[in-house]
Q: 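I have a structure here, written as structure tokens, and I will follow up with some questions on it.
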Amino acid sequence: MELPNCPIPTQKYDRITMAHGGGGKMTTRLIEKIFYPAFSNRWLEQAHDGATLNLPSSRIAFTTDSFVVNPLFFPGGNIGDLAVNGTVNDLLCCGATPLYLSAGFILEEGLPIDTLKKVVHSMQTAAAKAGVSIVTGDTKVVEFGKCDKLFINTAGIGIIPENIDIGLHRVVKGDAVIVTGPIGNHGVSILSTRESLGFESSIQSDTAALTQIVAKLLSGIPDIHILRDPTRGGLSSTLNEIATGAHVTIVIDEAALPIDPPVKAACDLLGLDPLYVANEGLMLIFLPNEYAEQALRIIRGEPHGENARIIGRVTDDKRAEVILELALGQTRVIDMLSGEQLPRIC
Amino acid sequence: MWYEQPFRKNENLTTLLRAIRELATFPIRIMEVCGGQTYALSRYRIEELLPDTIEMIHGPGCPVCVTPEETVARAIEIARFPGTVLCTFGDMIRVPSDEGCSLQQLKAEGKDIRILYSPLDSLKIARENPGKEVVFFAIGFETTTPVYALLLHEIIDKKIDNLTLLTSLFTIPAAVSFLAQDPECLINGLLAAGHVCSITGTETYERLARELEMPIAITGFEPADLLYGIYRVVQLKTQGRNLTVNAYRRAVPAQGNPIARLQTARYFTPYDACWRGLGTIPASGLKLRPPYEQYDARNRFCSEVKPDIRPSVCRAGEIMKGKISPLRCPLFGNRCTPDTPLGASMVSSEGTCAAFYRYKTN
């Protein structure tokens, strides 16, 4: 991995100390030697208390998200790209073109500076890929044991084109439901690392900003009703939020759900239901059925969308629930996740 | 190819269902013993596919559900001790004690409670925390007990003096026999727990079938496994043959796992165990043998005083006996939900109530 050029004398200061958060010389040094070189852009380099931005439209999407993942590094990504991609995807779900992000860091005393550099570098790589700039930020240090290594908060703003109207109020009976890729990869990747379960086949997190997919969809499809990224709580929780919010019945065809065989096997082994496992590079799209095939072709032509599928439909606008149709015609209601998903034990 | 695929394949399931429908022309109540089977029946909505003549009764085979209130209270007592690390499986930390407290709440209050996937991971925790007492809250049936035997072997071999076990270990055949002979528990056949039999072997169940005068099929956990097990029980019933068949041959050899049994017998001995909701059943549990009692966390931490356990509002005992369905419990789905469980069978994903709530109700 190519890292930003950092002349900090790592022999002398190879870990974060309380002084790095003191607001004095060490803080300035950290910002100048790690954050500025990585995020390099004209807003950040104004070195002001905040970034002054001129936006091309007054219709703005604004979102924030905090990242506390453990471990910091996992197959397919790390907390840095997660923090960028998560906020970018939230903006995309509003139908916005993501433009600017802020980044707030809470560092635990003793964190290796090299770890921070790697994370910051990943953030920049992810931001460049997603077409956004990290224009303002903050760093705080807490005593050893008061946080777990490194927490990041990102907030983001994007502009929404005038003709875009996306939201729960648009979801109606007859809508098709599309998912842009296989489900459960992120959660299983984190779990396999965290619990040292050591699966033979390393399952990669799906963390990605879906900027291209959403941009192409919004320009190529005349009407999109809702976009949502099913992160924590998995697909079922997001579907339930939509069903409740829009007061509709959503029917999902179990056989159509894309699940990678290693994820399926890992879920079987750990007693997890892939429907409840977290994703970080996935989008649920509700749109009029007549555009579903066309949308599918567009998504499949983009990175992270190759395995997109139509997984269900909105069947009713009287009852708010999500129903899973099983292979032999049985149906079951899928509820929101209760507590955290716990493993079966025998 | 994904190895379980044939066991979920539509054509195979349809064939089995057709065979079951042809045979099941008379009413029959079949108990699936294991919580894993209850979970799979609910998840795949298999009961919806069965003919009306077949009624499934959900058995006692969920170790979280049958761990008595007293043991949960002991775990809480230990976790409150300064300088202890209490380790257990995920589901166990949500089980409410009699006073409404759970290990999860203690964890939130800062007590050191850790969820592990393997009991053997507690060895590392004990080594890394020499100044602390590490306790593994060891629950399970015949399938999990050999792992605790292995853990004890390591504790003794590596001379680890700060790791003990709080055991809540049960054996299936005694409980099944107890339930099947209960005059109010009208079952005509059993699906024996496949994974338990992979340790115990088939002989115990062959005897059990004769004693209970009912057919038993040793059954797996995939949809086709369950349907095949049901088919075999119905078939044996039709033929009037009260014997045990192995319908899970890919996992269960006739002799089971003699090494695992030997290790279990080395460290553990049967005793009259109390099952939550069912009461005390003779020789249905396992506890540490006298030479190893020093590794029993009860001896190291717990007071002589028995915790004051008040009668529970939970009716899981009646549910496990097949006397009532969870839907007939007045608490089900309103006061008692997976978010606010009043009994253990609403906590564990293998608990009958949790499975019903998650996959059956609107």
Side-chain angles (χ1 to χ4, degrees), chain A residues 70 145-146 191-199 201 236-237 240 243 249 253-255 257 259-276 316 318-346, chain B residues 1-5 8-10 13-14 17 34-36 39 42-49 61-64 88-94 104 115-118 121 124 139-144 193 195-196 221-223 337-341 346-350 354 357-362:
Chain A
N70 171 35
K146 300 293 182 191
L191 200 64
S192 65
T193 320
R194 183 150 61 201
E195 308 299 343
S196 313
L197 298 171
F199 295 121
S201 134
S236 62
S237 295
N240 270 286
T249 301
D253 174 9
E254 189 183 44
L257 285 172
I259 308 175
D260 288 341
V263 170
K264 204 172 219 171
C267 283
D268 276 351
L269 200 66
L270 296 171
L272 303 173
D273 187 337
L275 278 169
Y276 292 91
D316 188 81
K318 291 179 190 70
R319 205 183 163 97
E321 62 184 3
V322 183
I323 290 171
L324 192 66
E325 250 178 15
L326 308 187
L328 296 177
Q330 325 91 294
T331 59
R332 72 173 202 238
V333 173
I334 51 176
D335 201 359
M336 285 190 99
L337 182 62
S338 286
E340 54 181 322
Q341 190 168 30
L342 298 168
R344 290 210 311 269
I345 55 177
C346 77
Chain B
M1 192 183 71
W2 178 46
Y3 85 103
E4 293 297 3
Q5 223 164 27
R8 296 184 191 175
K9 212 171 161 187
N10 287 354
L13 303 185
T14 314
L17 279 165
C34 178
Y39 174 84
S42 283
R43 179 172 174 177
Y44 299 104
R45 300 303 300 264
I46 286 174
E47 289 167 272
E48 215 173 282
L49 303 170
C62 160
V64 173
T88 192
F89 296 123
D91 285 355
M92 211 57 227
I93 79 160
R94 293 180 55 218
Q104 190 171 39
I115 297 171
L116 303 184
Y117 274 79
S118 165
D121 291 343
K124 187 165 171 263
I139 66 161
F141 294 115
E142 290 94 327
T143 35
T144 325
H195 291 158
V196 166
F221 302 83
E222 291 296 321
T337 70
D339 291 321
T340 54
M346 189 53 105
V347 170
S348 167
S349 54
E350 297 187 0
Y357 188 88
R358 190 151 161 202
Y359 292 130
K360 289 212 164 181
T361 60
N362 283 359

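Convention: sequence-line order gives letters A, B, ...; per-chain numbering from 1. Small disclaimer: the values here were computed from a predicted structure and weren't measured.
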Q: For B/Glu48 and A/Gly329, work out which heavy atoms get closest and say how close.
A: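 Closest heavy-atom pair between B/Glu48 and A/Gly329: OE2-O, 4.4 Å.
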Q: Looking only at heavy atoms, which two atoms of A/Asp268 and B/Arg8 are closest? And how far apart?
A: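 Result for this residue pair: OD2-NH2, 2.8 Å.
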Q: Quick one: does B/Tyr117's side chain get under 4.5 Å of A/Leu269's, heavy atoms only?
A: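 No, every pair of side-chain atoms sits at 4.5 Å or beyond.
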Q: Would you check if the side chain of A/Gln330 reaches a backbone N or O of B/Tyr44 as a donor-acceptor pair within less than 3.5 Å?
A: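 Checking the backbone N and O of B/Tyr44 against the side chain of A/Gln330, a donor-acceptor pair under 3.5 Å is found.
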Q: Which atoms of A/Leu326 are under 4.5 Å from chain B, going by heavy atoms: the side chain, the backbone, both sets, or neither?
A: side chain
Q: Which residues satisfy the side chain to side chain donor-acceptor pair (under 3.5 Å) test with B/Thr340, sequence neighbours excluded?
A: B/Thr337
